[in-house]
Structures are given as C-alpha cells and as structure tokens.
Amino acid sequence: MKNNEILRLLTSANYFSGFCEAELAEIIHSPKTKIGEYLKDQVIHLKDEPCQWMDVILSGRVAVLNLDENGNMLVVNVFGVGESIGENLLFAVRNSYPMTVMAATQVMMLHLEPELVLSLCQKNADFLKGLLQSISEKTMILTDKLTVISLKTVRQRINDYLSHQYQLQQSPVITLGCSKKNWQNGWACSGLP
C-alpha cells in the first residue's frame, strides 16, 4: 500500500485528526512504528502475550475473542477502521493480552511503540484526548459484556432451578417454597442453586 493511502487511512482514526500531513508522514516513517498486514482468521495477538504496541486499524476488522480450554469462543468485540487495540494495556504493570486478538477480515494495522505513544500524547492534546476516549470506550465495552454474561448466568441458573424443581415435583406447575418477592430479591429461597 502506498504512503498516500496509509496517510488517508490514518486520518480516519480520531487520534490523528490534530496532525498535519507532514506530521503523519513522520509518524509513519518513524523507527518506532511498523505496518502489519494480517490475513482473515490469522491470530494477531495470543492470550497472555505481552502488549508491546498500540495497534491502529487502517483497514479491515479485528475481533477480540475469549477462548476456553473446551473450544468455546466468546466474541467480546469487533473493531474496525480507525479504532485501536492495546492502548489500554500498553502502560499497565500487567500488560499481557487477557484475550486473543484475531483478524476477522484481511487487516492492515499501524503498530506504535509505547515511547512514541507517550511522545504523541505530550505533543498533541487531540491525540491524548482520542487515546483517553478510546480507553474509556474499552472500559464501557467490557462493562456491557460483563452485564450480558452475568444476566445469561442468572437465566441459566433460573432455568436449571426450574428444571430441577420440575423433576423433583413431577409437575409442570412449580411450587417455589417462598413468595415471588423473596424469590426475586436475591434468591432468598433455600435450596436455590
């Protein structure tokens, strides 16, 4: 891909809106950056791999996946052009990826070393603001995903409880053993899972 195309794609990331074309060209050609290209379904970062770069997506889509030992997969989020991966881990003491990052389509990314990210934050308030917004968005994405997962867990628990009571009581009408209000308020009934 030509530098002009990379410059155009880089401006789609809100981090870089405050930079002129010459500054963007300097960033692209810095020894503290590199361009990475990945094929669809190629692993970009493995779970527990140390985060060494902030990755800005120039083209394509990237999926963050939680894979367990049984082969179950949870798609935590999919990020697209102008978004980034790793900025929330880059300066952490425990900076390993908690999940696997995979190319959902063919992807091109600009990888930025931590020293360059820090320098850009000091030089350009728009970059710093975009970085903080992105980190805040990642926090909200994780919060929303945890809420969905915890609700699913409650549904599963209710379903398991009702199935168990159906088998015990051998009746399609289930007797709860307490008031509906107590049952709803924190599973106050004895014997609930």
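Please read these numbers as outputs of a predicted model, since none were measured by experiment.
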Please report the shortest heavy-atom distance between [X] and [Y], naming the atom on each side.
| X | Y | answer |
| --- | --- | --- |
| Asp55 | Tyr97 | OD2-OH, 3.8 Å |
| Gly60 | Ile57 | O-CG2, 3.6 Å |
| Gly18 | Asn124 | O-ND2, 3.2 Å |

How long is the straight-line distance from [atom2] of [Y] back to [atom1] of [X], given to the nearest 0.5 Å?
| X | Y | atom1 | atom2 | value |
| --- | --- | --- | --- | --- |
| Met102 | Met73 | CE | CE | 7.5 Å |
| Leu58 | Glu37 | CG | CD | 9.5 Å |
| Ile44 | Met109 | CD1 | CE | 4.5 Å |
| Gln106 | Asp41 | CD | CG | 12.0 Å |
| Lys47 | Asp68 | NZ | CG | 9.0 Å |
| Leu131 | Asn88 | CG | CG | 9.5 Å |

Examine distances only and state if a side-chain atom of [X] and a backbone atom of [Y] form a donor-acceptor pair shorter than 3.5 Å.
| X | Y | result |
| --- | --- | --- |
| Asn77 | Ile141 | no |
| Asn95 | Cys51 | yes |
| Ser134 | Gly130 | no |
| Gln122 | Ser119 | no |

Would you say [X] and [Y] are hydrophobically clustered, going by side-chain heavy atoms of ILVMFWY under 4.5 Å?
| X | Y | value |
| --- | --- | --- |
| Tyr166 | Leu162 | yes |
| Ile135 | Phe127 | yes |
| Val56 | Leu132 | no |
| Leu65 | Val62 | no |
| Phe16 | Leu118 | yes |

Stepwise side chain to side chain contact (heavy atoms under 4.5 Å, CB included) test for Leu110 and Ile6: CA-CA 9 Å; Leu110 177 67; Ile6 293 172; 5.8 Å; no
Which residue pairs pass the salt bridge (Lys or Arg N to Asp or Glu O under 4.0 Å) test with at least one member in residues 96-114, sequence neighbours excluded? none
Quick note, salt bridge (Lys or Arg N to Asp or Glu O under 4.0 Å) partners involving residues 76-88, not counting sequence neighbours, are Glu87-Lys138
Hydrophobic side-chain clustering at under 4.5 Å (ILVMFWY, transitive links): who's grouped with Trp53? Put none if nobody. none
Neighbour count above 12 (heavy atom, 6.0 Å) for [X] [atom1]:
| X | atom1 | answer |
| --- | --- | --- |
| Glu115 | CD | yes |
| Gln42 | CD | yes |
| Glu21 | CD | no |

For a 4.5 angstrom cut-off between non-hydrogen side-chain atoms, does [X] reach [Y]?
| X | Y | answer |
| --- | --- | --- |
| Phe19 | Asp126 | no |
| Leu120 | Tyr15 | no |
| Phe91 | Pro114 | yes |

For Glu49, give me all partners under side chain to side chain donor-acceptor pair (under 3.5 Å), at least two apart in sequence or on another chain. His45
Side chain to side chain donor-acceptor pair (under 3.5 Å) partners for Asn70, two or more places apart: none
Just list the side-chain donor-acceptor pairs under 3.5 Å for residues 27-36, sequence neighbours left out, or say none.
from  : atom 1 : to    : atom 2 : distance (Å)
His29 : NE2    : Asn3  : ND2    : 3.2
Ser30 : OG     : Lys32 : N      : 3.0
Thr33 : OG1    : Ile27 : O      : 3.1
Thr33 : OG1    : Ile28 : O      : 3.0
Thr33 : OG1    : Ser30 : O      : 3.0

